[in-house]
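This is the structure, below, for whatever I ask next.
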Protein chains: 2
Amino acid sequence: MPAMSILSATHDLEPILNKTMADIVEARLREFIRNKNYKPGDSLPTEMELAEGLGVSRNVVREALSRLRMLGIIETRKKRGMVITQPDILGSFEKVLDPIMIDETTMRDIFELRLVLEMGLPDLLFPRLTDAHVAELEKIAREEQATDNFRIQNEIAFHGKLYEITGNNTLKRFQSLLLPIFAYVITLEEKPTRGKISHSGLVELLKTGNKEAFRQGMLEHLRPHFDRLEHPAPGETA
Amino acid sequence: MPAMSILSATHDLEPILNKTMADIVEARLREFIRNKNYKPGDSLPTEMELAEGLGVSRNVVREALSRLRMLGIIETRKKRGMVITQPDILGSFEKVLDPIMIDETTMRDIFELRLVLEMGLPDLLFPRLTDAHVAELEKIAREEQATDNFRIQNEIAFHGKLYEITGNNTLKRFQSLLLPIFAYVITLEEKPTRGKISHSGLVELLKTGNKEAFRQGMLEHLRPHFDRLEHPAPGETA
DNA sequence: GCTGTCTTTATGTACTACATATCGCCAAAT
DNA sequence: ATTTGGCGATATGTAGTACATAAAGACAGC
């Protein structure tokens, strides 16, 4: 059997790609939109024209268009046809961000990503910080002390406010989307120990205006999480 | 005209939601998968069963399934039906991350996001840094000095390596996906000034083992970009 | 010049039909 | 008895037809 020689190769024999027409049409449409340099508001050919042009049934074209529609790349109005729109880049992200779907490794990766964001945040935070912002943070920190016990909601409110202060809406939404992952990972951890620096402590550091002091405070605040990240870089045998 | 009274209300008269059957079925299927607590490998009912159960045509079900298939939530095999899979969370992200589709505000947001990541990176980088890693970075830095002129490719190689060293594959891929946005934003900037600290300088700081010194070096390296972010937090009149 | 109606047209949905791949079963061969 | 090969059943993939619906554009009426 000459076919056997293929298997004997070092190739990892990945499954043969079973591309369906809808997949191909989707890719072709993407390419089409790119090459034609369509801008938001421009309208595409009709479904029938696309189907005929591509030599497939209208059904297939509709499946492909349905995908683009879900991603927010196009919108369709009844008679006018389909128009190009600006997709919400986080909208599609949201659709697959469900803890039940994600493997644990990826969830830990995302958790680390959050820690990185948090530690880099001061450089965006300080230039845009106002007295009003500080007051809001103080209020949230006070509520934390009032309830005393570890409230995940308060945690979310405080850190969420930090992102909000940056004025970077994409960043803020990104953080919001990642929240369920954080919550899930935290439930995986045995004892929810708190860092030495509380939210009130962070606010005090903010008020000093010392960015690096604040960053070190944040590091202390997140210390319990960082301490858990002891798995080394995988695949690196150096 | 009594209809006018509606407009006079404070409601922002958002466009009537024109949900198509495919949209609804997509949502229902998502819900279905969640509630049934499906795990990867489990198989869904057939298209006909779903269509009959939902009271819609097979066409509509197929459009919805086509979307889930694109996101990698399900896979379909010829006779076995459809099986749940673990989606690649960044795969869908990739599909909408095209500079021609994204408005400039979002692109600037993403650019800032990159800066935040970069500044937070040391806390993930240092615990996992090896001598071999340093050697690789040195090599890249040397190639930069050899070519002398500002090479975007070298920039990508160096910073990409930093992400790679973290061993966080999701983070690394995320950064890779964002690269086209960075490249685009940089082309928007008039003069591509370089920071005071070069890549070689960063490697030297790495070798000292002083995390904070490295972070400050990174800040200097990125200074030209940070200096451009002077638009204040929008909507905040405080 | 504005308003209301009518026609046209493209999408949304349903249904039928058939090709194709594959799973499971059963029989035949070793 | 285990394996191999073929056969039928079945679910997806694709094509095509038909019709409802909404909306854009034209046109007539005031």
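Just the heavy atoms: all of them, side chains too, but no hydrogens, waters or symmetry mates, feed the values below. Letters go in sequence order (proteins before strands), and every chain restarts at 1. Remember, it's a predicted structure, so these values are computed and weren't measured experimentally.
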Q: Heavy atoms of chain A, cut-off under 4.0 Å: which first and last nucleotide of DNA chain C, 5' to 3', fall inside that, if you could look?
A: C:dT8 to C:dT13
**Q.** Within residues 30-39 of chain B, residues whose heavy atoms come under 4.0 Å of DNA chain D
**A.** none
Q.
Under a 3.5 Å threshold, yes or no: a donor from one side chain and an acceptor from the other, between B:T20 and B:D23?
A. no
Q. Of all residues at least two apart in sequence or in a different chain, which pass the side-chain hydrogen bond (donor to acceptor under 3.5 Å, both in side chains) check with A:K39?
A. none
Q) When the ring planes of B:F32 and B:Y38 are compared, do they come out parallel, tilted or perpendicular, using 30° and 60° as the limits? A) tilted
Q) Got a sec, which residues hit side-chain contact (heavy atoms from CB on, under 4.5 Å) with B:R77, two or more places apart in sequence or on another chain? A) B:E75, B:R80
Q. Are the aromatic ring centres of A:Y163 and A:F174 under 6.0 angstrom apart?
A. no
Q: Would you confirm whether B:R128, through its side chain, and B:T166, through its main-chain N or O, come within 3.5 Å as a donor-acceptor pair?
A: yes
(Q) Name the residue from B:T105, B:I102, B:D109 that meets the side-chain contact (heavy atoms from CB on, under 4.5 Å) definition with A:T170. (A) B:D109
Q | Atom CZ of A:R173 with >12 non-hydrogen neighbours under 6.0 angstrom | A | yes
Q) With sequence neighbours excluded, what pairs up with A:T46 under the side-chain hydrogen bond (donor to acceptor under 3.5 Å, both in side chains) test? A) A:E49
Q) Where along nucleotides 10-15 of chain D does protein come under 4.0 Å, by heavy atom, of base (B) or sugar-phosphate alone (S), with - for untouched nucleotides? A) BBBBBB
